[in-house]
Amino acid sequence: MVGFGIDFGTTNSVAAAFNGEELTSFVDKEGLPHPSIVWYRGDSQPIVGRNAKDQIKDFQNTPGNKIIRSIKSQIQQEEEFEIFGKSKYTWQVASEIFRFLKEDVKTRYANFPAIEEAVVTVPLYFNGRQRRAIRKAAEMAGVTIKTFIHEPFAAVVGYLLADSEQWENLKQRRENILVFDWGGGTLDITLVKLDSGCLYEVSTAGANGKSGDYLDEVLMNYVIDTFQREKSISSEGFRIEPGIESLLLHEVEFSKIDLSIKHNSSIELFDFYSDNERSYNLFQDINRSQFECLIQLQIQDAMALVDKILHDTRLQPSQINQVLLIGGTSRIPLLINEMHKTFGLTKVIELPNADTVIAEGAAIISYYDWQPYLVQPIDVQLADQNHYTVFESGTILKPDTAKKEVAFFCTDNREGEGRLIITTNLDNREHQVKEIINVPISKVLQNIYKERIIADFRIDRDVILRVSAKGSVKDKPVYTDIHDLCYGLRFA
């Protein structure tokens, strides 16, 4: 028996397998995860991964070629790409990456079975629409998603449970582990508690749109501004061809990566800009201190989210036992230095398998068929400020185990609207409001206790809490999805 995990990432994607004894990550021939890049070439089969990335410079502007990158960050949008006269939705483009990962295992690792099903990881704040799009992409490639797991949480599983011989030791440990996962598309920070054979999320924070791709754009804009200034080119009417801009973004990404290990990098692009029949080449040196000045505000914002996690959990930095740095953007030296200032040198861990540990954690979960359980109970706030618990802490997050219909009496129907206030709490602290649903009700009933709100709560297969509610005399319900649930796993 083999369990498979897939980390479908904005910048890179990778699959991993676990057979109960050994973890295998299906990386490329250079030992790196596969770039999440799809290269369409006329009527030919698309090329995905390293081969596609290596051809960007030569084929980005060549007719009959279309190269798409960072599709994960666009997957929520139901927009269509025009590809040689045919339309493809974002999830259809994403399916090429899942298909590639599946075929790569089949052709290069003959001793492994085909990937028919897998646990797939998602960012903390991927909503139901985004998860459903990923499920469609995987299913189009012939991969059934067993369940979704948050990426930082999967990383902790891969870090702690890769060696089953250490499990007995882990069952006795109690630790607070902060996972800082800063990739190409999202920044996810999670505080995970290890407690007597259980791993569970205590608090989460994150930011979309301010990750590796965003830093690439910041650096690219700096390069363009410097180019204009040095060449005395006015901003009025200045325009870079889309193909050239894509090439520049490609080069900027390499420079950003270089500056994590070197103090200097350079960018070269021939025929970068044309004006009045004059062509300009781009040659620009960038040093680390320049880059750090450009991204200093983003680093401060990221550290502010770390402070928020500590504040929300009422923990001091000294009470954090380990800090795991995951994702390519977390390798930036300025960030690492800030982490060292906050937590000390010994607690901050730069994992040697940071590129694959998320997929490896998902593979472990898949092998043991572990089901995530609810850490924080789901409650409804009542009119007297007490709370009714819909789902207890420990509820297995599966459609057949987490579903309930509840009727609530309305105490005041005069405004023709009832408020269903959904809350959660941890360790008997104050309740936090997760969602407020305004439900249309009758305001003509004389007996206030005759009007009720009928609410249906259920966890769907994408680990989303879906709530529908309607008044007893109204036919049309209102809906909401709650996706930022904290969950845990028991491995003892």
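We number each residue from 1, following the sequence as shown. Values reported hereafter were calculated over all heavy atoms of this structure, with side chains retained and with hydrogens, waters and symmetry mates removed.
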Has the side chain of [X] got a donor or acceptor atom that lies under 3.5 Å from a matching backbone atom of [Y]?
X: Glu201; Y: Tyr487; answer: yes
X: Asn353; Y: Thr356; answer: no
X: Ser265; Y: Asp258; answer: no
X: Asn287; Y: Gln290; answer: yes
X: Arg99; Y: Met140; answer: yes
X: Ser36; Y: Gly9; answer: yes
X: Ser366; Y: Ala363; answer: no
X: Lys72; Y: Phe8; answer: yes
X: Lys102; Y: Gly142; answer: yes
X: Arg50; Y: Glu30; answer: no

Please report the closest heavy-atom contact between [X] and [Y], naming both atoms and the distance.
X: Ile149; Y: Val119; answer: CG1-CG1, 3.6 Å
X: Ile326; Y: Ala354; answer: CG2-O, 3.9 Å
X: Leu485; Y: His150; answer: O-CE1, 3.2 Å
X: Lys347; Y: Asn321; answer: CG-O, 3.6 Å
X: Phe227; Y: Gln284; answer: N-OE1, 4.0 Å
X: Phe4; Y: Pro113; answer: CZ-O, 3.4 Å

### Query
Regarding Arg490 and the six-membered ring of Tyr373, is the cationic atom NZ or CZ under 6.0 Å from the ring centre and inside 45° of its axis?
yes
With a 6.0 Å cut-off on the ring centroids, do [X] and [Y] count as close?
X: Phe491; Y: Tyr368; value: no
X: Phe126; Y: Phe148; value: no
X: Phe84; Y: Tyr40; value: no
X: Tyr280; Y: Phe270; value: no

Any side-chain heavy atom of [X] within less than 4.5 Å of one from [Y]?
X: Val38; Y: Ile71; answer: no
X: Gln92; Y: Ile83; answer: no
X: Val143; Y: Ile6; answer: yes
X: Ser13; Y: Pro33; answer: no
X: Arg131; Y: Val463; answer: yes
X: Leu191; Y: Ile320; answer: yes
X: Gln130; Y: Ile134; answer: no
X: Tyr125; Y: Thr204; answer: yes

### Check against side chain to side chain contact (heavy atoms under 4.5 Å, CB included), Leu297 and Gln300
CA-CA 5 Å; Leu297 181 60; Gln300 291 174 356; 3.9 Å; yes
### Message
Using 30° and 60° as the class boundaries, would you call the ring planes of Trp91 and Tyr89 parallel, tilted or perpendicular?
### Response
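Because their plane-to-plane angle is under 30°, the rings of Trp91 and Tyr89 count as parallel.
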### Query
Where does the angle between the aromatic ring planes of Tyr273 and Phe238 fall among parallel (under 30°), tilted (30 to 60°) and perpendicular (over 60°)?
tilted
Is it true that [X] and [Y] have a side-chain N and a carboxylate O under 4.0 angstrom from each other?
X: Arg129; Y: Asp481; value: no
X: Glu253; Y: Lys256; value: no
X: Arg229; Y: Asp225; value: no
X: Lys136; Y: Glu139; value: no

### Message
Tell me whether the count of non-hydrogen atoms from other residues, nucleotides or ligands lying under 6.0 Å of CD in Glu82 goes above 12.
### Response
yes
### Exceeds 12 heavy-atom contacts within 6.0 angstrom, atom CD of Gln45
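Open: at most 12 neighbouring heavy atoms sit under 6.0 Å from CD of Gln45.
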At what distance, to the nearest 0.5 angstrom, does [atom1] of [X] lie from [atom2] of [Y]?
X: Gln172; Y: Leu194; atom1: CD; atom2: CG; answer: 10.5 Å
X: Leu247; Y: Ile67; atom1: CG; atom2: CD1; answer: 8.5 Å
X: Gln319; Y: Phe343; atom1: CD; atom2: CZ; answer: 11.5 Å
X: Thr190; Y: Asp181; atom1: OG1; atom2: CG; answer: 8.0 Å
X: Leu178; Y: Leu324; atom1: CG; atom2: CG; answer: 8.0 Å
X: Leu489; Y: Leu199; atom1: CG; atom2: CG; answer: 7.0 Å

### Query
Leu282 and side chain to side chain contact (heavy atoms under 4.5 Å, CB included): which partner among Ile244, Ile267, Thr226?
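That would be Ile267.
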### Message
Could you go through Glu151 and Asp7, starting from their C-alpha distance and side-chain angles, then the distance that decides it, and tell me whether this counts as side chain to side chain contact (heavy atoms under 4.5 Å, CB included)?
### Response
CA-CA 8 Å; Glu151 290 167 355; Asp7 175 15; 4.0 Å; yes
### Query
Distance only, no hydrogens: is a donor on one side chain within 3.5 Å (strictly under) of an acceptor on the other, for Glu360 and Ser25?
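Judged by distance alone, the side chains do pair up.
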#### Entry: Polar contact flag, side-chain donor to acceptor under 3.5 angstrom, Glu103-Thr107
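There is no such pair between these side chains.
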### Task
Test Gln371 against Thr147 for side-chain hydrogen bond (donor to acceptor under 3.5 Å, both in side chains), laying out the working first.
CA-CA 8 Å; Gln371 299 296 324; Thr147 190; 5.1 Å; no
### Task
Apply salt bridge (Lys or Arg N to Asp or Glu O under 4.0 Å) to Arg69 and Asp213, showing your working.
CA-CA 10 Å; Arg69 55 194 293 166; Asp213 285 358; 5.8 Å; no
